[in-house]
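Since this is a predicted model, take the numbers as computed values, not measurements. In each ligand, atom 1 is the first atom listed, and ligand 1 is the first ligand listed.
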Amino acid sequence: MTSPLVVAIDGPSGSGKSSTSRGVAARLDLAYLDTGAMYRAMTWALLQHGVDLTDSDAVAVAAEKISLESGTDPAAPTIHADGVDVAEPIRSDEVTGSVSLVAAVPRVREILVDMQRATIAGSHGIVVEGRDIGSTVAPDAPVKIYLVADPAARAARRAAENGGGDAAATEQALARRDEIDSTRATSPLAKPEGAVVVDSTHMTLDEVIDAIVGIVDAAG
Ligand SMILES: Nc1ncnc2c1ncn2[C@@H]1O[C@H](COP(=O)(O)OP(=O)(O)OP(=O)(O)O)[C@@H](O)[C@H]1O
Ligand SMILES: Nc1ccn([C@H]2C[C@H](O)[C@@H](COP(=O)(O)O)O2)c(=O)n1
């Protein structure tokens with residue numbers, strides 16, 4: 001039996017991983033997994049339980065009891081925590097501001113990496129996006145992409161998405177999250193070995209999707 005095709009897409013916050021991954025998955029008829037949504041959903045559930053997120057031992061204990069479910073249709077991905085649809089609340093400022101704390105707890109990462117590997121193994125082929133997919137979750141993935149874009153471009157895109165807010169403040173917030181994500185002890189954000197760097201700064205979303213589909217096709 002052949003193993004499912006795995007396309008691993010990693011990169012910093014706001015580089016376009018979700019939009020690009022969904023587009024690539026739709027074009028190639030693959031499933032899609034947003035692992036950032038899983039870290040966010042875990043953070044949302046811990047906040048609901050009143051867990052002190054600065055207490056990593058308490059976070060590790062509470063995380064064991066939280067159930068997460070990811071729907072992997074790229075046209076309509078879903079995320080549930082403890083049976084609740086959390087697609088909207090996981091994008092709140094409270095969750096966005098706290099998720100890096102939770103993502104830095106090694107036991108949380110073990111739990112979520114196990115879930116991610118189970119989803120990959122149960123798929124017919126999948127695009128998985130996050131920060132540690134090509135390095136830790138699926139180091140044997142035949143296609144690894146490290147998607148980047150200039151901080152100013154990322155901030156401008158994010159601000160536009162949020163209705164034209166303060167781009168400078170958005171850029172600062174992205175930089176803070178990148179700093180935490182790339183300096184944590186466990187599975188820090190970094191270009192995975194063997195990954196192809198795609199810089200989307202001057203590319204449209206369709207051009208990025210075309211480029212990655214081309215890389216997948218070339219990998220055979
Ligand atoms: N190549 C592109 N050109 C223009 N806009 C883009 C491009 N790629 C993504 N975008 C837009 O940039 C914003 C951020 O993209 P997206 O949410 O896919 O990034 P992300 O890397 O998944 O972010 P995060 O890490 O915060 O989850 C979205 O509004 C998206 O539509
Ligand atoms: N594989 C992953 C995915 C995400 N994270 C962390 C880092 C981010 O700050 C946070 C939310 O991710 P986003 O929705 O912005 O992509 O989750 C991680 O550590 N590992």
Side-chain angles (χ1 to χ4, degrees), residues 8-25 32-44 53 68 70 74 77 79 86-87 89-93 95-106 108-117 119-120 127-139 141 145-165 167 170-171 173-190 192 198-212:
I9 302 189
D10 293 295
S13 297
S15 58
K17 299 180 298 298
S18 301
S19 345
T20 304
S21 299
R22 289 179 65 177
V24 171
Y32 159 69
L33 182 63
D34 177 354
T35 63
M38 297 173 73
Y39 285 92
R40 287 171 177 273
M42 178 64 83
T43 303
W44 176 88
L53 301 187
L68 299 183
S70 302
I79 179 82
V86 293
I90 62 169
R91 304 293 161 191
S92 67
D93 288 345
V95 170
T96 300
S98 312
V99 62
S100 292
L101 274 177
V102 173
V105 176
V108 169
R109 300 200 72 83
E110 284 173 6
I111 292 168
L112 295 190
V113 168
D114 282 352
M115 288 182 194
Q116 291 155 12
R117 288 181 177 153
T119 301
I120 292 168
V127 181
V128 188
E129 54 119 333
R131 305 294 191 291
D132 61 342
I133 310 306
S135 59
T136 303
V137 176
I145 305 292
Y146 193 64
L147 183 60
V148 299
D150 283 356
R154 292 192 274 139
R157 291 172 186 171
R158 186 61 90 204
E161 180 184 270
N162 296 333
T170 306
E171 188 170 339
L174 287 175
R176 198 164 48 244
R177 210 137 59 87
D178 288 351
E179 168 72 12
I180 299 173
D181 291 339
S182 52
T183 55
R184 67 170 172 245
T186 311
S187 304
L189 169 69
V198 175
D199 183 343
S200 77
T201 306
H202 303 293
M203 296 167 82
T204 65
L205 180 55
D206 281 343
E207 286 171 340
V208 182
I209 293 168
D210 284 346
I212 294 177

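Residues with a heavy atom under 4.0 Å from ligand 2: T35, G36, Y39, R40, R91, V99, S100, A103, R109, G130, R131, D132, R177, D181, R184. Using a heavy-atom distance under 4.0 Å as the criterion, the protein contacts of ligand 1 are P12, S13, G14, S15, G16, K17, S18, S19, R131, R157, R158, E161, R177, M203, T204, L205, V208.
With sequence neighbours excluded, the residues that form a salt bridge (Lys or Arg N to Asp or Glu O under 4.0 Å) with D181 are R131, R184. With sequence neighbours left out, the side chain to side chain donor-acceptor pair (under 3.5 Å) criterion links E179 to no other residue.
A donor-acceptor pair shorter than 3.5 Å can be found between the side chains of D199 and T201. A donor-acceptor contact under 3.5 angstrom links the side chains of E129 and S18, judged on distance only.
Each of K17, R157, E207 was checked for a side-chain hydrogen bond (donor to acceptor under 3.5 Å, both in side chains) with S200, and the lone residue meeting it is R157. For the side chain to side chain contact (heavy atoms under 4.5 Å, CB included) with L53, the qualifying choice from V99, T43, V105 is T43, the only one to do so. The side chain to side chain contact (heavy atoms under 4.5 Å, CB included) test with I133 is passed by exactly one of D10, I9, L33: D10. Put simply, the residue from D210, I209, I145 that forms a side chain to side chain contact (heavy atoms under 4.5 Å, CB included) with V24 is I209.
With contacts defined as side-chain heavy-atom distances shorter than 4.5 Å, the pair P188/T183 does not qualify.
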